[in-house]
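Heads up, the thing below is written out as structure tokens.
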2 protein chains.
Amino acid sequence: MTRQPPAPEPLEARLVQAEALCARRGARLTKLRRDVLGLILASPEPVGAYALLDRMREQGASLQPPTVYRALDFLMAQGLVHRLERLNAFVGCHDDAPHDHAAQFFLCTACGKAEEVDDPAIAEAVAATAARRGFAPLRATVEVEGLCAGCALSGSDRGGSSTSPDGPGPHRPHSH
Amino acid sequence: MTRQPPAPEPLEARLVQAEALCARRGARLTKLRRDVLGLILASPEPVGAYALLDRMREQGASLQPPTVYRALDFLMAQGLVHRLERLNAFVGCHDDAPHDHAAQFFLCTACGKAEEVDDPAIAEAVAATAARRGFAPLRATVEVEGLCAGCALSGSDRGGSSTSPDGPGPHRPHSH
DNA sequence: GTCATGCCGCTACGTTATAACATGGCCCAA
DNA sequence: TTGGGCCATGTTATAACGTAGCGGCATGAC
Ligand SMILES: [Zn+2]
Ligand SMILES: [Zn+2]
Ligand SMILES: [Zn+2]
Ligand SMILES: [Zn+2]
């Protein structure tokens, strides 16, 4: 039980998919960029740029902040990763064919996980309000903090080890 | 024409109102906090913490980052100011009786202004999606970047100096 | 070949935020 | 009056996040 495989197989598949996507666009998913993307996709939680830096270095690479940020810029431009403003962190896009799309995020303050959703109703509500004000939107940041389904259950329904064995706690709530 | 008074009068009124509000709650709007709030309210655009620090020092104060951040924490806890995640900056709440309320922001990348709105439709759309996922939201960040009505006009309708004489440009677009 | 382009290594720096500890005033009880 | 709890602030240092700018090197076009 030294490591459990949450999703080790789809990772490579997603990398291959990303490669194909970039190739189709004439963009170059270099080894560095691919490695960074791999680390992001492998992480169960959003990753900060400096955490990525550390992990790359642990893997033998020798690089500096600008290199990681450039890779992140590329990946964001390709829509392969999103930036979470509240966390100063990055997550892989869950879309099958990533592009520059409107997305919303639900961030659990207990377990630290980020769920990406693409809800047209939210996007439309925002667009409608913008239109009403004569505002021309370019991109919208929607990030909701709270408790995910699992943590909300184990938090209120004390004693019931229904879905998630360990309750909320271990994660630092990220004060802000 | 060295200075035009955009809203110099309501400022003091809003400070008095904030004082009354805090008093009613048993919170103490000290001189420091009041000064910080005053600077934020006086600014036509969102202000960064270190910009506040500089302005406080220009006014003779001698303080360090933690002091400003503590004041900002207090003001946010009272709902008197909001933090804009995309800008790492702060704005005064436009609500008449500020409290901890859901708000959305429209940020103009041309003129740098931030418009606060409180649109129930957006809040409800977010809440509905959260409920559907079993997610218990605590607070939502909604920040839309784009061009405000004035800048959108002067940007597309070149030559027409309808409302805003100077087109978009002088403001640094804040890359991210 | 050689030239342009794009990617990356690297130094140095700028910006934003917090930890940790010390100080001073205020109120109240002993 | 004296001590202690509480809150706001002062102070020092450092953590965390992000960028400017330059130069080298590979790749691919001509
Ligand atoms: Zn996405
Ligand atoms: Zn959770
Ligand atoms: Zn508000
Ligand atoms: Zn504008």
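Below, chains carry the letters A, B, ... as their sequence lines are ordered, and counting in each starts from 1.
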For atom [atom1] of [X] and atom [atom2] of [N], their distance in whole Å:
X	N	atom1	atom2	result
A:R86	C:dT16	CZ	C1'	16 Å
B:L87	C:dA17	CG	P	11 Å
A:Y69	D:dA16	OH	P	12 Å
B:R83	C:dT18	CZ	C1'	12 Å
B:D35	D:dT9	CG	C1'	14 Å

Side chain to side chain donor-acceptor pair (under 3.5 Å) partners of [X], counting only residues at least two apart:
X	answer
B:R25	B:Q78
B:E124	none
B:E116	B:H82, B:H101
B:R133	A:E115

Pair A:Q104-A:T141, side chain to side chain contact (heavy atoms under 4.5 Å, CB included): steps then yes or no: CA-CA 7 Å; A:Q104 303 91 38; A:T141 299; over 6 Å; no

Considering only NZ, NE, NH1 and NH2 on the basic side and carboxylate oxygens on the acidic side, decide whether B:E12 and B:R34 come within less than 4.0 Å. yes

Five-pair end axes of the helix from C:dG1-D:dC30 to C:dA30-D:dT1 and the angle they enclose, rounded to 10°: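 Axis angle across the helix from C:dG1-D:dC30 to C:dA30-D:dT1, nearest 10°: 10°.
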
May I ask you to list the residues of residues 49-61 of chain B, by number, that have any heavy atom positioned under 4.0 Å from an atom of DNA chain D? none

Taking B:L39 as the starting point, is it possible to reach B:L75 by hopping between hydrophobic residues whose side chains are less than 4.5 Å apart?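 Linked within one cluster.
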
Quick check on C:dT15: is either OP1 or OP2 less than 4.0 Å from any side-chain nitrogen or oxygen of B:N88?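 It does not, given that no N or O in the side chain of B:N88 lies less than 4.0 Å from OP1 or OP2 of C:dT15.
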
Test your reading of the model: is there a side-chain donor-acceptor pair from [X] to the backbone of [Y], 3.5 Å cut-off?
X	Y	value
A:E143	A:L107	no
B:T129	B:A125	yes
A:E145	A:T109	no

Considering only distance and modelled atom types, tabulate donor-acceptor pairs under 3.5 Å from the side chains of residues 49-67 of chain A, sequence neighbours left out.
| unit_1 | atom_1 | unit_2 | atom_2 | d |
| --- | --- | --- | --- | --- |
| A:R57 | NE | A:L63 | O | 3.0 |
| A:R57 | NH2 | A:L63 | O | 2.6 |

Residue pairs meeting ring-ring contact (aromatic ring centres under 6.0 Å, His included), one or both in residues 115-151 of chain A, sequence neighbours left out, come to A:F135-B:F106

Distance, nearest 0.5 Å, that separates CZ of A:R132 from CG of B:D119: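 It comes to 5.5 Å.
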
May I ask you to test the B:I40-B:L72 pair for a side-chain heavy-atom distance under 4.5 Å?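 Yes, at least one pair of side-chain atoms sits under 4.5 Å.
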
Enumerate all atom pairs, one protein N or O and one N or O from nucleotides 27-29 of chain C, separated by less than 3.5 Å.
none

Pick out the pairs of N or O atoms, protein on one side and nucleotides 6-9 of chain C on the other, that lie under 3.5 Å.
| unit_1 | atom_1 | unit_2 | atom_2 | d |
| --- | --- | --- | --- | --- |
| C:dC7 | OP1 | A:R33 | NH1 | 3.3 |
| C:dC7 | O5' | A:R33 | NH2 | 3.3 |
| C:dC8 | OP1 | A:T30 | OG1 | 2.4 |
| C:dC8 | OP2 | A:R33 | NE | 3.4 |
| C:dG9 | OP2 | A:T67 | OG1 | 3.3 |
| C:dG9 | N7 | A:R70 | NH2 | 2.7 |
| C:dG9 | O6 | A:R70 | NH1 | 3.1 |
| C:dG9 | O6 | A:R70 | NH2 | 3.4 |

Could you list by number each residue of residues 15-26 of chain A showing a heavy-atom separation from DNA chain C of less than 4.0 Å, or answer none if no residue does? none

Return yes when atom CG of A:D100 has more than 12 non-hydrogen atoms of other residues, nucleotides or ligands closer than 6.0 Å, and no otherwise.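 At most 12 heavy atoms, drawn from other residues, nucleotides or ligands, come within 6.0 Å of this atom.
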
In residues 90-99 of chain B, what donor-acceptor pairs under 3.5 Å come from side-chain atoms, sequence neighbours left out?
| unit_1 | atom_1 | unit_2 | atom_2 | d |
| --- | --- | --- | --- | --- |
| B:D95 | OD1 | B:A97 | N | 3.1 |
| B:H99 | ND1 | B:A97 | O | 3.1 |

